[in-house]
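See structure below.
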Amino acid sequence: LVMRLARVSRPLRTLSMLPSAKTIVETVVSSLGSLSEAFKLLLFAILFFAIMGQQLFHGDLKHRCVDVATNATVSDDDVCAPNDSIFNALGTACGAGQACLPVGDNPNS
């Protein structure tokens with residue numbers, strides 16, 4: 001244990017020999033308090049937008065074009081957009097005799 005502590009102190013001795021490196025380390029250590037506040041704000045923003053995305057887009061990736069006559073999915077890869085979805089401009093339009101219905105699970109879930 002004592003030998004490990006001696007190994008850890010070796011880079012610290014190097015810092016005391018180089019005044020410019022010592023200044024840089026002191027500056028970084030003193031700015032950690034301000035950086036922690038910025039990281040807290042960043043974490044809050046990420047969580048906020050993640051929750052908003054889940055609430056806005058839940059279930060919208062399950063919709064596929066289904067043939068009304070046979071009740072079979074036309075394509076498993078193409079996501080269509082139902083009329084009440086915010087994806088209307090982004091989703092594929094279903095053809096004649098097809099309906100945009102939720103089928104199965106969300107992809108990559």
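Starting from 1, each residue takes its place in the sequence as its number. In this text, all values refer to a predicted model and were calculated from it rather than measured experimentally.
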**Study point:** Residues that T73 engages under side chain to side chain donor-acceptor pair (under 3.5 Å), provided they are two or more places apart
**Key:** D76
Exercise for review: State, to 0.1 Å, how close R64 and C80 come at their nearest heavy-atom pair, and which atoms those are.
Suggested key: C-SG, 3.4 Å
Review point. With V68, which residues qualify under side-chain contact (heavy atoms from CB on, under 4.5 Å), at least two apart?
Key: A99
Check your understanding: With distance as the sole test, does Q98 use its side chain to make a donor-acceptor pair with the main-chain N or O of G95 at under 3.5 Å?
Key -> yes
Study note, to complete from the structure: Taken in chain and number order and not counting sequence neighbours, the residues that satisfy side-chain contact (heavy atoms from CB on, under 4.5 Å) with S34 are none
Review point. Apart from L18 itself, what residues make up its hydrophobic cluster when side-chain heavy atoms of I, L, V, M, F, W and Y under 4.5 Å apart count as a link, directly or indirectly?
Key: none
Check your understanding: In Å and rounded to the nearest 0.5 Å, what is the CZ to CG distance from F39 to L32?
Key -> 9.0 Å
Exercise for review: Starting at CD1 of I51, measure out to CD1 of I46 and round the result to the nearest 0.5 Å.
Suggested key: 12.0 Å
Review point. Could you walk me through whether V103 and V66 pass the side chain to side chain contact (heavy atoms under 4.5 Å, CB included) check?
Key: CA-CA 9 Å; V103 176; V66 175; 3.7 Å; yes
Point to revise | Spacing of C94 atom SG and L101 atom CG [to the nearest 0.5 Å] | key: 8.0 Å
Practice item. Keeping to residues at least two apart or across chains, list the salt bridge (Lys or Arg N to Asp or Glu O under 4.0 Å) pairs with something in residues 15-27. Key: none
Exercise for review: Sequence neighbours left out, what pairs pass salt bridge (Lys or Arg N to Asp or Glu O under 4.0 Å) with at least one residue falling in residues 36-50?
Suggested key: E37-K40
